**Q** 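Handing you a structure now.
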2 protein chains.
Amino acid sequence: MDLGERKKKILGAVIEHYIRTAEPVGSRTISKLDELGVSSATIRNEMADLEEMGLLTQPHTSAGRIPSTMGYRTYVDRLMKNYEFSVSEINRLRSLMELQLTEVDSMIKELTGIYSYLTNYTIVGSSAGNNNGYIKNFHMVQIDRNSALLIVVTDKNIVKNKQIYFDCDIDSTVTEKISNMLNENLAGVVKSKINLEKIYEIQAEMDIYKSVLLPVLNFVNECIESLDNSEVFISGASKLLDFPEYSNVQKAKELLEFLDNKENLHRMAASVDNADVKIIIGSENDAIELKDCSIVLSSYSIKGKGTGTIGFIGPTRMNYSKAVSTLKLLTGQIDNLTSNKEPEGEK
Amino acid sequence: MDLGERKKKILGAVIEHYIRTAEPVGSRTISKLDELGVSSATIRNEMADLEEMGLLTQPHTSAGRIPSTMGYRTYVDRLMKNYEFSVSEINRLRSLMELQLTEVDSMIKELTGIYSYLTNYTIVGSSAGNNNGYIKNFHMVQIDRNSALLIVVTDKNIVKNKQIYFDCDIDSTVTEKISNMLNENLAGVVKSKINLEKIYEIQAEMDIYKSVLLPVLNFVNECIESLDNSEVFISGASKLLDFPEYSNVQKAKELLEFLDNKENLHRMAASVDNADVKIIIGSENDAIELKDCSIVLSSYSIKGKGTGTIGFIGPTRMNYSKAVSTLKLLTGQIDNLTSNKEPEGEK
DNA sequence: ATTAGCACTCGCTTTAATTGAGTGCTAACA
DNA sequence: TGTTAGCACTCAATTAAAGCGAGTGCTAAT
């Protein structure tokens, strides 16, 4: 079926209304919305089509429609207009440029915090990183009969940790052996010198512990991957609780817990590939915890320091056009503020 | 009325039971609790006495009792026994000492994160600070007809901001004038050279804006106060949502929002006065947002760098004895790890 | 192709009834 | 005099039923 002009208008209207209200939107609501002067019955027919096409869904019979991930995707890719900042908004955001911050990382973090405050969005990001990080050392702390905490310390003294569950009982000789092995083979080796082969080598060497080694190496690999974007941060996490979709504490807790974990932020930040704005909608997210979230990500680059990432996170019902525009302004500001500055030495 | 031996036992039993279950505890529950072999009726009488003394309260008639702030206070000061770590607990925590972290601030933050992970408590803290901070510059960004965002940048490039509401309409000349004045008089002046007199002077000078100046100066004063403890952090904030007292999103949001604001954390950290453990229970807190929270705070000191603060935060129904013991272990560990290290230069 | 009309669906809200944990009080007992 | 068994009473929380109303799909007329 084809997406005719009128269907586009209706889809757009449904999505924009839903973004504002968080309530399923019915045919009458749309029909009263001037624009296209047709009756609710006509809208109903069109909406039934849109549902068949997978762009809208009904939470239950006899409820209005809400957009599906595909619906949002269509909207974002083909329908969405540029958000126009009001004069006062633009003034407010522009004024922030006056800030005379010299330390780049701190500047970005704080700029982010102020944006979060002014826009009421939650912002996640990573600071610009270089490419020669290494892991300083590994530690393993036994927790239960069959689990241990693996702690990884990077060159920047960033500590990452993860609880590893084994499928058999372990004792301190096991944890010691594993951590020794990791320290001997991987500690101090810069990222660029580590590849999968090296890791396979280790696995072969540790034949006996093969079965228990897999989760360990997975985590180690993750840590190595995230070495260059060394610091991640989040601003205004509690703003998520303003959204009715998180009026259920269980939901809120799952998301906040997910965001509390720096590893997850790292993975998110790493997923942005090029310099443009990337939008990840609902079920398009890899992490199951984010299946009801959308993320609008963009990268910025700082001369001599590499690239970092900044993005908004919120419910799928996010004001995409505003988020994109704001994000562009924000990254543009960062580029502006740093482009005429010499990169400072590592702190 | 006197707090007899039996009343003490009952009070302790009620509090400890409530700490575990978060449910009002009734007389029968206590009577079944061996210890003192009396019937529920007797317990009822005693509990009525304890209520009269202000140590217990009833959420409603026909419900069990819950401790009041005063009840917790009595418990903490006079009844509480030392928490005994189990062997596995102590092993687990001790192992963390092996971490070879060199940068003190980072170490403390990360140690804190791991403790939060292992104990399932939320931890707040501040890093050790020096005493010659200054404010680098001030900015004011108009937001509405009658409010503006005051932004303060410190020597460490920490940015603090607060929305200031005026009781009259303002325009950009006002905000400019105020920020100019602040920059001229206070920017670059180290903390020790600023006193209240100086601030009064400024107020006199700015006669015309007297009325609008008060909130501005209050905030500036706050910033100056917090200059030495320059960095605050929070670990495991989402763990608060595990507690049934925050199953109400509104409540949770209020608290998390409060903790999102670094100013508030600063104020909390600043409130610990001496080197020992300080416990602030429920309504003893200054901030209304914390009236249902308790905080167990302690300071640590690092040679040559001054003192910092670390503490647990949770609902009043907190396991005080465990929190105190854990905190002592944690600060002890910090002291241990840093005492034989030369302080490093400012980063 | 559009629309008015209508029967039908189903989540949400309101109200009423029921349950049960816990209390205070009284009277009996050691 | 302190303790205890017993009982009527209270009140939040749970459950069930009833009613509401927004919204749909379908049909027949325009």
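Every value quoted in this text rests on a predicted model; they were computed, and no experiment measured them. In the text below, chain A, chain B and the rest are named by the order of the sequence lines, each starting its count at 1.
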**Q** If the condition is salt bridge (Lys or Arg N to Asp or Glu O under 4.0 Å), which residues does B:Lys322 pass it with, not counting sequence neighbours?
**A**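 Here the qualifying residues are B:Glu89.
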**Q** Once side chain to side chain donor-acceptor pair (under 3.5 Å) is applied, do any residues pair with A:Asp260, and if so which ones, sequence neighbours excluded?
**A**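 Counting only residues at least two positions away or on another chain, A:Asp260 forms a side chain to side chain donor-acceptor pair (under 3.5 Å) with B:Ser238.
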**Q** Who pairs with A:Thr69 by side chain to side chain donor-acceptor pair (under 3.5 Å), at least two apart in sequence or on another chain?
**A**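 A:Ser283.
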**Q** State which residues pass side chain to side chain donor-acceptor pair (under 3.5 Å) with A:Thr326; sequence neighbours excluded, sorted by chain then number.
**A**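 Scan of A:Thr326 (side chain to side chain donor-acceptor pair (under 3.5 Å), adjacent residues dropped) gives none.
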**Q** List in numerical order all residues of residues 17-27 of chain A for which some heavy atom is under 4.0 Å away from an atom belonging to DNA chain D.
**A** A:Gly26, A:Ser27
**Q** Tell me, which pairs form a salt bridge (Lys or Arg N to Asp or Glu O under 4.0 Å) where one or both residues lie in residues 17-27 of chain A, sequence neighbours left out?
**A** none
**Q** Using whole Å, report how far CD1 of B:Ile10 lies from P of C:dT23.
**A** 12 Å
**Q** How many whole angstroms separate atom CD1 of A:Ile43 from atom P of D:dG25?
**A**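 Going from CD1 in A:Ile43 over to P in D:dG25 covers 13 Å.
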**Q** Calculate the interatomic distance between A:Asp49 atom CG and D:dC26 atom P; express it in whole Å.
**A** 12 Å
**Q** From CZ of A:Arg65 over to C1' of C:dT9, roughly how many Å is that when rounded to an integer?
**A** 13 Å
**Q** Is the shortest distance from a Lys or Arg side-chain nitrogen in A:Asp286 or A:Arg267 to a carboxylate oxygen in the other one below 4.0 Å?
**A** no
**Q** Are there any protein N/O atoms within less than 3.5 Å of an N/O atom in nucleotides 2-4 of chain C, and if so, which ones and at what distance?
**A**
| residue | atom | partner | partner atom | Å |
| --- | --- | --- | --- | --- |
| C:dT2 | OP1 | A:Arg6 | NH1 | 3.0 |
| C:dT2 | OP2 | A:Arg6 | NH2 | 3.0 |
| C:dT3 | OP2 | A:Ser39 | N | 3.0 |
| C:dT3 | OP2 | A:Thr42 | OG1 | 2.5 |

**Q** Who are the ring-ring contact (aromatic ring centres under 6.0 Å, His included) partners of A:Tyr83, not counting sequence neighbours?
**A** A:Phe85
**Q** Going by an N to O cut-off under 4.0 Å, is there a salt bridge joining B:Arg6 and B:Glu46?
**A** yes
**Q** Rounded off to whole Å, could you give me the NZ-to-P distance for the B:Lys32 and D:dT4 pair?
**A**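 After rounding, the gap between these two atoms is 16 Å.
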**Q** Who pairs with A:Glu289 by side-chain contact (heavy atoms from CB on, under 4.5 Å), at least two apart in sequence or on another chain?
**A** A:Phe258, A:Ala287
**Q** Could you list the residues that satisfy side-chain contact (heavy atoms from CB on, under 4.5 Å) with A:Asp144, not counting sequence neighbours?
**A** A:Asn146, A:Ser147, A:Gln163
**Q** For A:Thr74, enumerate each residue passing the side-chain contact (heavy atoms from CB on, under 4.5 Å) test, keeping only those at least two apart in sequence or located in another chain.
**A** A:Leu3, A:Leu11, A:Leu55, A:Arg78
**Q** What is the distance, rounded to the nearest whole Å, between atom CD1 of B:Ile66 and atom P of C:dT23?
**A** 13 Å
**Q** Between atom CE in A:Met47 and atom P in D:dG23, what is the gap in whole Å?
**A**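 Those two atoms, CE and P, are 9 Å apart.
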**Q** In whole angstroms, how far is the C1' atom of D:dA22 from the CD1 atom of A:Ile30?
**A**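 Checked: the CD1 to C1' distance equals 14 Å.
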**Q** For residues 54-62 of chain A, which residues have at least one heavy atom under 4.0 Å from DNA chain C?
**A**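 DNA chain C contact set from residues 54-62 of chain A: A:His60, A:Thr61, A:Ser62.
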